[in-house]
There are 2 protein chains.
Amino acid sequence: MIANKKSVARLSRYKNALHRFKTMGLVRIFSDNLADAIGVTSSQVRKDFSVFGITGSKRGGYQIDDLFAQLNNILGKDQIQEVIIAGVGNIGAALLKYNGFEKEKIKIVAAFDIDAQKWSDTAPVPVYSLDRLIPFVNARGIKIGIIAVPESAAQMVFDRMVTSGIRGVLNFAPLRLRSPKQCVINSVNLVTELENVIFFSTSGQRIFLGELEADAGAHQVE
Amino acid sequence: MIANKKSVARLSRYKNALHRFKTMGLVRIFSDNLADAIGVTSSQVRKDFSVFGITGSKRGGYQIDDLFAQLNNILGKDQIQEVIIAGVGNIGAALLKYNGFEKEKIKIVAAFDIDAQKWSDTAPVPVYSLDRLIPFVNARGIKIGIIAVPESAAQMVFDRMVTSGIRGVLNFAPLRLRSPKQCVINSVNLVTELENVIFFSTSGQRIFLGELEADAGAHQVE
DNA sequence: AAATATTTGTGAAATAAATAACAAAAAAAC
DNA sequence: GTTTTTTTGTTATTTATTTCACAAATATTT
């Protein structure tokens with residue numbers, strides 16, 4: 001099984017589309033439908049499934065419930081994933097309130113901030129001092145963290161996360177994090193994402209965009 | 001000039017690193033330094049520059065000020081880009097307050113929401129009824145929009161944006177937008193980004209991650 | 001029950017992207 | 001002023017990803 005980042009991201013998108021097909025009352029689905037729903041080719045869908053060992057039935061397509069279960073299994077949805085956030089500023093606070101995670105069995109169990117004003121034991125998701133990050137993560141065995149602190153604090157926070165046993169980080173700070181220990185990092189830079197839109201919609205680069213059904217989902221409709 | 005999404009995203013990252021080098025007092029820089037700063041190879045840096053027609057001096061490297069100006073020029077930073085947001089929920093509100101856009105000459109000039117409670121003419125960035133989106137964008141000639149509304153409203157909002165003349169959209173709703181008119185779409189799905197981290201940090205996929213210095217910046221440090 | 005139509009699964013081919021390699025240029029050293 | 005060293009710019013190579021194409025399988029129709 002040789003997965004790449006894009007194929008995993010697509011699995012997530014298939015699952016999303018699948019959910020909508022299911023609510024529409026469908027029971028089975030074909031690679032063609034999924035392809036159309038997320039904007040890739042049907043070959044791509046089948047190849048992705050092949051990579052992850054997902055199989056359907058020839059001529060019969062895929063049973064939605066079954067496919068859904070397989071995707072959830074691959075994406076680690078058999079159990080709730082506990083996640084922590086460092087930084088309760090604009091982005092951190094938005095993620096805390098965001099209700100899209102819950103239905104994906106992702107649970108933000110705590111947030112940490114340097115600002116005492118933000119601390120709260122009683123909030124729906126408690127907010128603690130950054131000093132409590134390491135013991136908390138250690139004690140709870142949390143493996144995933146989100147970095148939503150300013151750039152200047154990001155490396156320090158990341159170091160603490162890695163020290164405390166976190167193995168994967170979603171990073172919103174615009175810099176390259178470094179660590180002596182192994183840790184998966186996925187960085188999202190909102191400014192860059194917007195700059196991309198600006199570049200491709202204002203430059204004469206139209207021709208090449210059609211092929212740009214890329215990672216984050218950039219595409220051009222005709 | 002054959003740009004792809006990744007190369008444009010990297011330009012943005014080079015610029016960021018460059019800014020830090022400049023504040024450190026440096027005047028010139030080599031492809032090696034930039035590569036190290038953002039985590040790619042120096043070949044990649046030079047190749048990117050080559051694609052966009054950026055040149056330095058052999059053995060002399062690049063003058064930071066000059067390079068900075070060229071990058072800004074390519075990324076359309078010679079003039080302020082006016083942007084609107086649809087949806088003032090968690091993510092929309094966070095983006096409104098986010099101060100990372102301003103220094104990139106991106107200005108959010110208005111937001112639109114269906115909820116009258118959120119309307120305000122006097123806020124730093126005014127929030128209007130969604131009904132005012134089309135005339136506002138039309139009158140001001142806005143070309144870039146951000147979609148931060150729930151999935152169920154996203155297609156409708158997108159249609160209005162395209163109708164009103166918007167040519168590029170940064171979309172946070174988890175679905176594929178469709179339009180009969182040409183429009184650049186860049187979709188960011190926060191759940192998917194986090195799922196990616198979870199997948200690669202919990203599965204035994206370590207081996208392939210090293211090569212995964214991908215689009216959104218995912219990488220694994222040793 | 002046989003014939004037909006459709007869709008999967010997967011290697012092969014094509015395309016795209018990243019890295020390596022190195023000649024040419026220009027600082028720096030001598 | 002010549003030699004040496006270093007770094008760019010670009011072409012060639014390698015690696016990664018997507019698409020094509022079609023045999024094999026199985027619903028559906030007759």
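Labels below follow one simple rule: chain letters A, B, ... track the order of the sequence lines, proteins then strands, and each chain is numbered from 1. As the structure is a prediction and not an experimental result, all values here were calculated from the model.
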Relative orientation of the end axes in the helix from dA1(C)-dT30(D) to dC30(C)-dG1(D), expressed as an angle to the nearest 10° (five pairs per end): 20°

Options dA24(D), dG9(D), dT28(D), nucleotide nearest the side-chain atoms of Lys58(A): dA24(D)

Sugar-phosphate, base or nothing in reach of Ser42(A), heavy atoms under 4.0 Å: nothing

Closest listed nucleotide, where the reference is the side chain of Ser57(A) and the choices are dT26(D), dT10(D), dT6(D): dT26(D)

Validation row: Cys183(A), Val169(A) side chains within 4.5 angstrom (heavy atoms): yes

Below 4.0 Å: OP1/OP2 of dA27(D) and any side-chain N or O of Tyr62(A): no

Arg167(A) side, atom CZ; Ile142(A) side, atom CD1 - distance, nearest 0.5 Å: 14.5 Å

Pair Glu151(A) + Arg20(B): basic N to acidic O under 4.0 Å: yes

Check against side chain to side chain donor-acceptor pair (under 3.5 Å), Gln155(A) and Asp159(A): CA-CA 6 Å; Gln155(A) 182 64 54; Asp159(A) 290 342; 2.9 Å; yes

Nucleotide dA17(C), atom P - distance to NZ of Lys5(A) in whole Å: 15 Å

Phosphate-side-chain proximity, Gln44(A) and dT17(D), N/O vs OP1/OP2 below 4.0 Å: no

Leu96(A): which of Val125(A), Ile91(A), Ile146(A) passes side chain to side chain contact (heavy atoms under 4.5 Å, CB included): Val125(A)

Under 3.5 Å: donor-acceptor pair, side chain of Asn33(B), backbone of Phe30(B): yes

SB check Glu193(A) Lys5(B) (cutoff 4.0 Å): yes

Salt-bridge contact Lys22(B)-Asp65(B) (side-chain N to carboxylate O under 4.0 Å): yes

Any Asn4(A) side-chain nitrogen or oxygen under 4.0 Å from OP1 or OP2 of dT17(D): yes

Gap between atoms CZ and P, on Phe49(A) and dT8(C) respectively (whole Å): 9 Å

Aromatic plane relationship, Phe49(A) with Tyr62(A) - under 30° parallel, 30 to 60° tilted, over 60° perpendicular: perpendicular

Leu67(A) CG - dT8(C) P separation (whole Å): 11 Å

Note, Met161(B) side chain near Ile134(B) side chain (heavy atom, < 4.5 Å): no

Rounded distance (Å) that lies between atom C1' of dT17(D) and atom CZ of Phe52(A): 13 Å

Short N/O separations, protein against nucleotides 20-22 of chain C, under 3.5 angstrom:
unit_1  : atom_1 : unit_2   : atom_2 : d
dA20(C) : N7     : Ser43(B) : OG     : 2.9
dA21(C) : N6     : Arg46(B) : NH2    : 3.3

Residue whose closest nucleotide on DNA chain D lies nearer the 5' end, Gly60(A) versus Asp48(A): Asp48(A)

Sugar-phosphate, base or nothing in reach of Ser31(B), heavy atoms under 4.0 Å: sugar-phosphate

For atom CD1 of Ile54(A) and atom P of dT7(C), their distance in whole Å: 19 Å

Residue Phe30(B), side-chain heavy atoms: nucleotide from dA5(C), dT8(D), dT17(D) that is nearest: dT8(D)

Whole-Å distance separating the NZ atom of Lys6(A) from the P atom of dA18(C): 9 Å

Check: dA28(C) base within 3.5 Å donor-acceptor of Arg59(B) side chain: no

Length of the line joining Ile29(A):CD1 and dT8(C):P, which is rounded to integer Å: 10 Å

